[in-house]
Structures are given as C-alpha cells and as structure tokens.
Amino acid sequence: MSKKDLKKIRLFAMDVDGTLTDGKIYMGASGEMMKQFDVKDGLGIKLLMHHGIIPAIITGRKSAIVENRCHEIGITEIHQGIKNKAEKLQELMAKYHLQKEEVAYIGDDLNDVSAIRLSGVTFAPADCASQLKPYIDIILTKKAGDSPVREAIDRILEGRIHLEGFLDL
C-alpha cells in the first residue's frame, strides 16, 4: 500500500453490522431485538466530529436500534436500507464537495466493495471477509464489534488528539 494522507479525510463512512457491531443479529418473534456497540467507537466518532470530520452510516439493513445509537452519539448522516453503497457515497461526496482522497470507509464484507472502490482510504476489521482484503488499505488489529472503528479513527486523528477539550465530548 502506498502511504495515504489521513490528514485529508473529511468524511468517514461506516458500515454497521460487522464493523460497529460484532455482526450478530439477535432476532425475536417480532423482529430484531438487540445489537451490541462498543462505547469506544462512540467516543471516537465524537472525536471525529470535534475535528470537523463528518461521520456517515451507510448500511444495507434498516434498524431502529442503529437510528437510536446514531442519535445518541450525534451522527446525522444515517443511510439505512442501502443496496448500492457507492451511489449513496457519491451523493455524500457531492453534497459536501469532497474528492476521493478526502473520504475514508470502513466495511467488512463484499457488499462494501463498491463504496470501498470510491474511497481514498479504506479500513476493515481484522476478521473481515478474506475476499475483501485486496481492496483494503489498512486491515485493523481489532475484530468486528471490538472497536475497530475507534482504531481507524485513532489512525485518522493521530497527532491531533490533545487532552484539552475532552471534557466537552
């Protein structure tokens, strides 16, 4: 991989199941009941926003649980039920006047490839689908649901996080 300039990132797009969660979907008789999120990812997303980077969710599933989590941590770009993730990412790039090198994406499986190909920097959890690995710039050390999003954010913000301002997050 050639060295990517992570300081150019202005939008960080994320898949949900298999990145922000462990990929398990708990279903009851009336539908989806539970997803597990890591609080470290949530604080990392707040750090992104604190540094002027837009967090965006682009996921194939629809879930009130995801909607609730996004509202809780302040994500406003929430796009659920998306079959063509590249198309949605292009819309976001146009909305915010972004070039490819200003966009990072984290995904874990083949349904993320279209968005990954549009992104300037790509991340995946350690346990991502093996077929995805050739398309990824940075394979993280953390597995799905075990704060790989925070690991990616820490890389993006490396050298920019200071203790001042933490009380405001």
Side-chain angles (χ1 to χ4, degrees), residues 9-50 53-96 98 103-119 121-133 135-136 138-156 168-169:
I9 301 301
R10 294 183 45 217
L11 174 80
F12 184 53
M14 298 164 270
D15 178 37
V16 175
D17 295 315
T19 55
L20 283 167
T21 75
D22 61 8
K24 294 178 175 67
I25 300 167
Y26 300 89
M27 301 287 284
S30 59
E32 185 177 70
M33 296 178 56
M34 187 171 53
K35 290 182 185 281
Q36 177 177 304
F37 296 93
D38 192 305
V39 295
K40 293 180 189 107
D41 290 336
L43 180 57
I45 291 166
K46 288 181 180 185
L47 286 168
L48 277 181
M49 293 185 288
H50 184 75
I53 298 170
I54 302 156
I57 296 295
I58 304 175
T59 181
R61 294 179 51 80
K62 288 185 180 183
S63 168
I65 296 167
V66 170
E67 189 86 21
N68 293 340
R69 180 64 175 149
C70 287
H71 288 303
E72 179 183 48
I73 58 179
I75 297 173
T76 57
E77 290 292 351
I78 310 161
H79 306 280
Q80 299 193 79
I82 304 300
K83 299 302 173 217
N84 187 336
K85 293 182 179 187
E87 186 177 280
K88 181 52 69 180
L89 187 57
Q90 283 177 318
E91 289 173 19
L92 290 170
M93 290 168 72
K95 177 180 179 179
Y96 293 106
L98 300 174
V103 176
Y105 186 90
I106 183 169
D108 71 304
D109 217 329
L110 297 178
N111 60 337
D112 296 303
V113 171
S114 66
I116 284 167
R117 287 183 167 169
L118 275 180
S119 303
V121 181
T122 57
F123 298 92
D127 58 346
C128 70
S130 61
Q131 301 93 331
L132 188 68
K133 290 181 180 180
Y135 302 98
I136 301 299
I138 302 169
I139 304 289
L140 301 161
T141 63
K142 303 284 188 177
K143 291 181 179 181
D146 192 25
S147 68
V149 168
R150 177 60 183 271
E151 182 181 352
I153 291 168
D154 286 349
R155 292 214 184 176
I156 292 168
D168 299 334
L169 296 176

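Minimum interatomic distance between T19 and P125 (heavy atoms only, all atoms of both residues): CG2-CG, 4.0 Å. The two atoms that bring D41 and P148 nearest to each other are OD1-N, 4.0 Å, heavy atoms only. Of all heavy-atom pairs spanning L11 and A56, the tightest one is CD1-CB, 4.0 Å. Residue K40 comes nearest to S147 through the heavy atom pair CB-CB, 4.0 Å, listed as atom of the first residue, atom of the second, then distance. Taking each heavy atom of A129 and D109 in turn, the nearest pair found is CB-OD1, 3.2 Å. Listed here is the closest heavy atom pair of A13 and L89: CB-CD1, 4.0 Å.
No donor-acceptor pair under 3.5 Å is formed between the side chain of D22 and the backbone N or O of A144.
When side chains are defined from C-beta on, V103 does not count as touching L118, because their heavy atoms never get closer than 4.5 Å. Residues D38 and K142 fail the side-chain proximity criterion, which asks for heavy atoms closer than 4.5 Å. Contact annotation: the side chain of R69 approaches that of I73 to within less than 4.5 Å [non-hydrogen atoms, C-beta and beyond]. Inter-residue side-chain proximity for L92 and I58 is flagged as met; some heavy-atom pair is nearer than 4.5 Å. A heavy-atom distance below 4.5 Å is not found between the side chains of I53 and R10.
A distance of 4.0 Å separates CD1 of I75 from CD1 of I57, quoted to the nearest 0.5 Å. A distance of 11.0 Å separates OG of S114 from CD1 of I82, quoted to the nearest 0.5 Å. Note that OG1 of T76 and NE2 of H71 are 9.5 Å apart. Values are rounded to the nearest 0.5 Å. Remark: Q36 CD to K24 NZ distance equals 8.5 Å, nearest 0.5 Å. Atom CG in N111 sits 9.0 Å away from atom CG in L132 (nearest 0.5 Å). Put simply, CD1 on I138 and CD on E151 are 9.0 Å apart, with the number rounded to the nearest 0.5 Å.
With sequence neighbours excluded, the residues forming a side-chain hydrogen bond (donor to acceptor under 3.5 Å, both in side chains) with D112 are K85, Y105, listed by chain and number. Take S130 and apply the side-chain hydrogen bond (donor to acceptor under 3.5 Å, both in side chains) test, not counting sequence neighbours, and it matches no residue. Residues forming a side chain to side chain contact (heavy atoms under 4.5 Å, CB included) with D17 (at least two apart in sequence, or on another chain): T21, I25, K35, R61. With sequence neighbours excluded, no residue forms a side-chain hydrogen bond (donor to acceptor under 3.5 Å, both in side chains) with K143. Residues meeting the side chain to side chain contact (heavy atoms under 4.5 Å, CB included) test with A104, sequence neighbours left out: I9, F12, V121, F123, I156. Listed by chain and number, the residues in a side chain to side chain contact (heavy atoms under 4.5 Å, CB included) with E91 are E87, K88 (sequence neighbours excluded).
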Quiz item: How far apart are the C-alpha atoms of L47 and R150, what are their side-chain angles, what is the distance that settles it, and do they pass the side-chain contact (heavy atoms from CB on, under 4.5 Å) test?
Solution: CA-CA 10 Å; L47 286 168; R150 177 60 183 271; 3.9 Å; yes

Exercise. Carefully, step by step, assess Y96 and E77 under the rule side-chain contact (heavy atoms from CB on, under 4.5 Å).
Key: CA-CA 11 Å; Y96 293 106; E77 290 292 351; 2.5 Å; yes

Self-check item: Derivation of the side-chain contact (heavy atoms from CB on, under 4.5 Å) call for D146 and D127
Solution: CA-CA 11 Å; D146 192 25; D127 58 346; over 6 Å; no

